Structures are given as structure tokens and as C-alpha cells.
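The block underneath contains the structure these notes are about, expressed in C-alpha cells.
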Amino acid sequence: QVQLVESGGGLVQAGGSLRLSCAASGRAFVNYGMGWFRQAPGKEREFVSSITWSVGITYYADSVKGRFTISRDITSNTVSLQMNSLEPEDTAVYYCAVRTSWLYDSTWYLSPLKYDYWGQGTQVTVSS
């Protein structure tokens, strides 16, 4: 089993910054990519950002492009999300996830169904 533990959530004013981290541990696994999703009350879980593990190709939702930056640390099996210029609309529970399948899929990063393991989530609240 693979465990993902998120950290770094909290309460911040609009325009502020937060940095989320997610550490993967457990049995050895082949990591294709890791991503961040978020879910606000009453809404579906939505894609935020992802990164391929071996090459570091990054993907962003249009709503966060230019404000959020995803990065990875291969040695510690950690993915981070630097969130700047936060807006009240960014308020949600943020989840990290890992995809272990290497089957070709050009849109692997977009759907929660394409990921195999999930963290428990961390709350991000942005006040106006």
C-alpha cells in the first residue's frame, strides 16, 4: 500500500500564499506522476495541477495558471504546490494523488479516475 500525507494547508487572506506538500511512502511503487485536486463544498473534485515524475512535465488548470507552481523532489518522494495570489475561490480541500500506470494516456492528469492512491486532504481557506 502507498500512503500519501499532505501538509501545509491553513487560513490565509486573499492575495496571500501557501505551500502544500505531499509525501509518498509505503511499498515500492513505480511513480508515473503526481497531482493535486481540490474539492469545495457542494462541488465535484477538480484538477489543479500535475507533474510527471521522471521528466517533470507540468500541467495546470486555467484557473490557477500563473499563480500556482508544482514541483517534485524525487529523493524524498514529495510533491509540492506553491500557491500565490490566493483568491477566495481557491478555498477547498486539496488532495494529492499518484498515478502508477505507464499506459499511454495524453490526458492522464485531468481525471481523478486516472490516479491510484490519494491523500486524506488538507483544508485551504482564503478569506476576502
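Just so it is clear, the model here is predicted, and its values are computed rather than measured. Along the sequence shown, the residues carry numbers beginning at 1.
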Q: Rounded to the nearest 0.5 Å, what's the gap from CZ on R45 to CG on L113? Could you check?
A: 10.5 Å
Q) Residues in salt bridge (charged side-chain N to carboxylate O under 4.0 Å, His left out) with K65, at least two apart? A) D62
Q: For residues E46 and F37, determine if any side-chain heavy atom of one lies less than 4.5 Å from a side-chain heavy atom of the other.
A: no
Q: Considering non-hydrogen atoms only, spot the tightest contact between L4 and A97 and give its length.
A: CD1-CA, 3.7 Å
Q) Checking side-chain hydrogen bond (donor to acceptor under 3.5 Å, both in side chains) for the pair S85/E87: CA distance, chi angles, key distance, verdict? A) CA-CA 6 Å; S85 302; E87 304 167 352; over 6 Å; no
Q: State which residues pass side-chain contact (heavy atoms from CB on, under 4.5 Å) with S71; sequence neighbours excluded, sorted by chain then number.
A: R19, S80
Q) Is the shortest heavy-atom distance from the side chain of T122 to the side chain of L20 under 4.5 Å? A) yes
Q: Determine the minimum heavy-atom distance between A14 and P88, stating which atoms define it.
A: CB-CD, 4.1 Å
Q: Sorted by first residue and then second, give each ring pair (Phe, Tyr, Trp, His ring centres under 6.0 Å) pair with at least one member in residues 62-107; sequence neighbours left out.
A: Y32-W102
Q: Please find out if less than 6.0 Å separates the ring center of F47 from that of W36.
A: no
Q: Scan residues 68-86 for pairs that pass salt bridge (Lys or Arg N to Asp or Glu O under 4.0 Å), counting only residues two or more places apart or in two chains.
A: none
Q: Please examine the side chains of N31 and V98, heavy atoms only from C-beta on, and report whether any two atoms are closer than 4.5 Å.
A: yes
Q) Would you call T91 and V124 a side-chain contact if the rule is heavy atoms closer than 4.5 Å? A) no
Q: Mind jotting down which residue pairs meet the salt bridge (Lys or Arg N to Asp or Glu O under 4.0 Å) criterion with at least one end in residues 98-108? Sequence neighbours excluded, please.
A: D105-K114
Q: For residues Q82 and S17, determine if any side-chain heavy atom of one lies less than 4.5 Å from a side-chain heavy atom of the other.
A: yes
Q: State yes or no: do I70 and I74 share one hydrophobic cluster built from I, L, V, M, F, W and Y residues joined by side-chain heavy-atom distances below 4.5 Å, directly or via other members?
A: yes
Q: Examine Y115 and I57 and state if one hydrophobic cluster contains both, with Ile, Leu, Val, Met, Phe, Trp and Tyr joined whenever side-chain heavy atoms are less than 4.5 Å apart.
A: yes
Q | CG-OG1 distance between D116 and T100, expressed to the nearest 0.5 angstrom | A | 3.5 Å
Q) How far does OG of S21 sit from CG of L81, to the nearest 0.5 angstrom? A) 9.0 Å
Q: In sequence, state the C-alpha distance, the side-chain angles, and the governing distance for N77 and W53, and then conclude on side-chain contact (heavy atoms from CB on, under 4.5 Å).
A: CA-CA 9 Å; N77 258 354; W53 205 246; 3.7 Å; yes
Q) Side chains of L18 and L86: does their closest heavy-atom pair fall under 4.5 Å? A) yes
Q. Is a donor on one side and an acceptor on the other found under 3.5 Å between the side chain of Q13 and the backbone of V126?
A. no
Q. Mind checking what makes side-chain hydrogen bond (donor to acceptor under 3.5 Å, both in side chains) contact with E89, not counting sequence neighbours?
A. none
Q. Taking atom types as modelled and ignoring hydrogens, do the side chains of Y59 and T52 form a donor-acceptor contact shorter than 3.5 angstrom?
A. no
Q: Starting from the C-alpha separation in whole Å, work towards a yes-or-no answer on side-chain contact (heavy atoms from CB on, under 4.5 Å) for I51 and V79.
A: CA-CA 9 Å; I51 187 167; V79 65; 4.0 Å; yes
Q: Would you check if W108 and S101 make a side-chain contact, meaning some heavy-atom pair closer than 4.5 Å?
A: no
Q. Can you find a heavy atom in the side chain of Y60 that is under 4.5 Å from one in the side chain of V48?
A. no
Q. For the residue pair M34 and A24, what are the closest heavy atoms and their distance?
A. CE-CB, 4.5 Å
Q.
Run R38 and K43 through side-chain contact (heavy atoms from CB on, under 4.5 Å) and show every step you take.
A. CA-CA 9 Å; R38 66 187 182 187; K43 295 188 176 181; over 6 Å; no
